[in-house]
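Below, all heavy atoms of this structure are taken into account, side chains as well, without hydrogens, waters or symmetry copies.
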Protein chains: 2
Amino acid sequence: MATIKDVAKLAGVGLGTASRVINQSGYVSEATKKKVEDAIAELGYVPNETARAFVTQDNRIVALFLPSIHHAFFSELAYFIEDELDKNDYKMMLCNSSNQIEKELSYINMLKQNKVSGIIGISYNQIEKEINNSMPIVLVDRHIGEIPYVSSDNYAGGEMAFQVLRDSGCKQVAYIGTYTKTILTEVEKRKKGFENAAKESGLDYTLYLEEDPIKDQTVFLNQFLTKHKNVDGVFVENDLMALELVQLALEKNIKVPEELSVIGYDGIQRYGALRPKLSTIRQPVEVMGRSLVDLLIKRINGFSVTPAIHPVDYLKGETTR
Amino acid sequence: MATIKDVAKLAGVGLGTASRVINQSGYVSEATKKKVEDAIAELGYVPNETARAFVTQDNRIVALFLPSIHHAFFSELAYFIEDELDKNDYKMMLCNSSNQIEKELSYINMLKQNKVSGIIGISYNQIEKEINNSMPIVLVDRHIGEIPYVSSDNYAGGEMAFQVLRDSGCKQVAYIGTYTKTILTEVEKRKKGFENAAKESGLDYTLYLEEDPIKDQTVFLNQFLTKHKNVDGVFVENDLMALELVQLALEKNIKVPEELSVIGYDGIQRYGALRPKLSTIRQPVEVMGRSLVDLLIKRINGFSVTPAIHPVDYLKGETTR
DNA sequence: ATGAAAGCGCTAACAA
DNA sequence: TTGTTAGCGCTTTCAT
């Protein structure tokens, strides 16, 4: 493997000069530039990125940790994050934390080890003590200290879901979702927005919750259908759960949306081809992904940033009237 | 940030000694070991991984490039690859190539730049000229020169799909899929297996193909349903397409599986909750993911390896009789 | 068993 | 505009 030294020697110039033309920094005359470029071509020289990262203390790698890439919303988000990082000449390292705090911490540790320049994290663990405001970290749906975060407007989404159900004539609505005892995420606001809107309107509502992670989602949802036969409109925490609820309802010969309206949250594109098409509150995944990268890069470069909360919209499918 | 130099100084030992206890290499007396460990604890020393990677010429990062993580089968595969890499103390860099050859080549280039130790690639481009047998690369479903690859037993899968359709009484079967003019992938063997089995049995069969990438899958599938009303059993190249075919058939009031049996390929777990449940030829995704990592690590360490072809099985759902 | 020193390939500060 | 040089933090000989 040819090194920059070989290039300099062959071109008959100094090390620094060779470095300058390679990095297009500083002044170099056209003549010497040509000489160096020829030498590079002749040797097939490729800069050693590891050496470069070592000396500049910046490797242009960003870590993304999330519960599991094996989940439609996350993989969609990861797609856009990678795309935006690539545009900014960063590489993306991916870690399925499986919600294990050790794995998340090991990535946070990589920041100290200089192995990554920054982190985008989706975490439902108590990582408060391990991170601080000076680290280049951006979180999704999670508000910890001054760490910047990105989320969709969960509260407005909850309100919106309620409005849709009420406007379509539902008399008895419910929210189905999860909660955690240990941490507080922005996701809870979906429930709050829904609940407050319901209270305000005076309509009867039910909260059907189970602690995350749910052991058996099918059992959980079937139980809901059995216990709450009077409910005619449901807002479900996420699309995947909503989709299963719809299927289970249909199996029980409950007509959707005639007898039961269902709204999900996320707006996962991939499910668009499925029938019945789910009505949902759509998060602007692409915007969120790019926004995360934007904020993170600013943090890496030492700028301070503020959280970004992105508006959601209602995507009507076939599961609401 | 404390360096190994600080550690050595505080512990009152030489640089090399400090390095030895950190890496648990060479001989160190218990006494000095303790001194160094104390110093590390006191300083909160963390090794700079970039420096380490630089000097050892090995950064323990593996790149995975695939068309898009935003695709169920790939994200499932990526999940297991990451998991297995993590067990072997490697990190995974992820790249959505979007089938752009430039992006794939830029990753291959990272091998030369020392930015990654190896590559796992899913590529449908002509990258033959850019890679060679000495590079630590493993491919999925693609046989190029002596580059090792991993795939499911596509040929057997095709045969299996045919047998299922025939055994359930189908009289007129078809294969629906894509083809490429420029390259040859193992995926084509799904069609070959199916076709040969059909020929052998003497049953009438149709091949319904379009060049990849398909512009509008819905149009493509609807056209099939319109043109081939006599077909009563279909093997579709992948689950996603099969799933859409089922939905489109149902919309046209074609009864599945009574009037039309459908079998997909992949066996994506996440779709298991959807109804009707798709019958499919399942690839052992987890085994394949771990196998990819296993082969790659052997390559990185200079061992030669042979391709791994993994058996598939038939997963009966509700779309076949 | 341990310390000193060389060197990995590169960038950047400095001098010329 | 260019060449020289000093590190970056670490591992690894090589003496001792």
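In this structure a side-chain-to-backbone donor-acceptor pair under 3.5 Å is missing from Arg20(B) to Val28(B).
Phe54(B) and Phe54(A) have parallel rings, their planes meeting at less than 30° on a 0 to 90° scale where 60° marks the start of perpendicular.
Thr50(B) comes within 4.0 angstrom of no nucleic acid atom, judged by non-hydrogen atoms across all strands.
Qualifying salt bridge (Lys or Arg N to Asp or Glu O under 4.0 Å) partners for Asp294(A), counting only residues two or more places apart in sequence or in other chains: Lys298(A). Listed by chain and residue number, His71(A) satisfy the ring pair (Phe, Tyr, Trp, His ring centres under 6.0 Å) test with Phe74(A) (two or more places apart in sequence, or in another chain). When the side chain to side chain contact (heavy atoms under 4.5 Å, CB included) test is applied to Gln57(B), the partners found at least two apart in sequence or on another chain are Asn48(A), Asn114(B).
Relative to the ring axis of Tyr107(A), Lys91(B) places its NZ or CZ within 45° and under 6.0 Å from the centre.
Chain B approaches DNA chain C over the interval dA1(C) to dG9(C), counting the first and last nucleotide 5' to 3' with an atom under 4.0 Å from its heavy atoms.
The 12-atom threshold is not exceeded at NZ of Lys9(B), counting heavy atoms of other residues, nucleotides or ligands nearer than 6.0 Å. Other residues, nucleotides and ligands contribute only 12 or fewer heavy atoms inside 6.0 Å of the NZ atom of Lys181(A).
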Audit row: Asn99(A), Ser97(A), side-chain hydrogen bond (donor to acceptor under 3.5 Å, both in side chains) steps and yes/no: CA-CA 5 Å; Asn99(A) 283 323; Ser97(A) 70; 4.5 Å; no
Can you give one letter per nucleotide of nucleotides 6-16 of chain D, going 5' to 3': B for a protein heavy atom under 4.0 Å from the base, S for sugar-phosphate only, - for none? -BBBSBBB---
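Under the salt bridge (charged side-chain N to carboxylate O under 4.0 Å, His left out) rule, Arg142(B) has a single partner from Glu188(B), Glu186(B), Glu128(B), which is Glu128(B).
End-to-end axis angle for the helix from dA1(C)-dT16(D) to dA16(C)-dT1(D), using five pairs per end and rounding to 10°, comes out at 40°.
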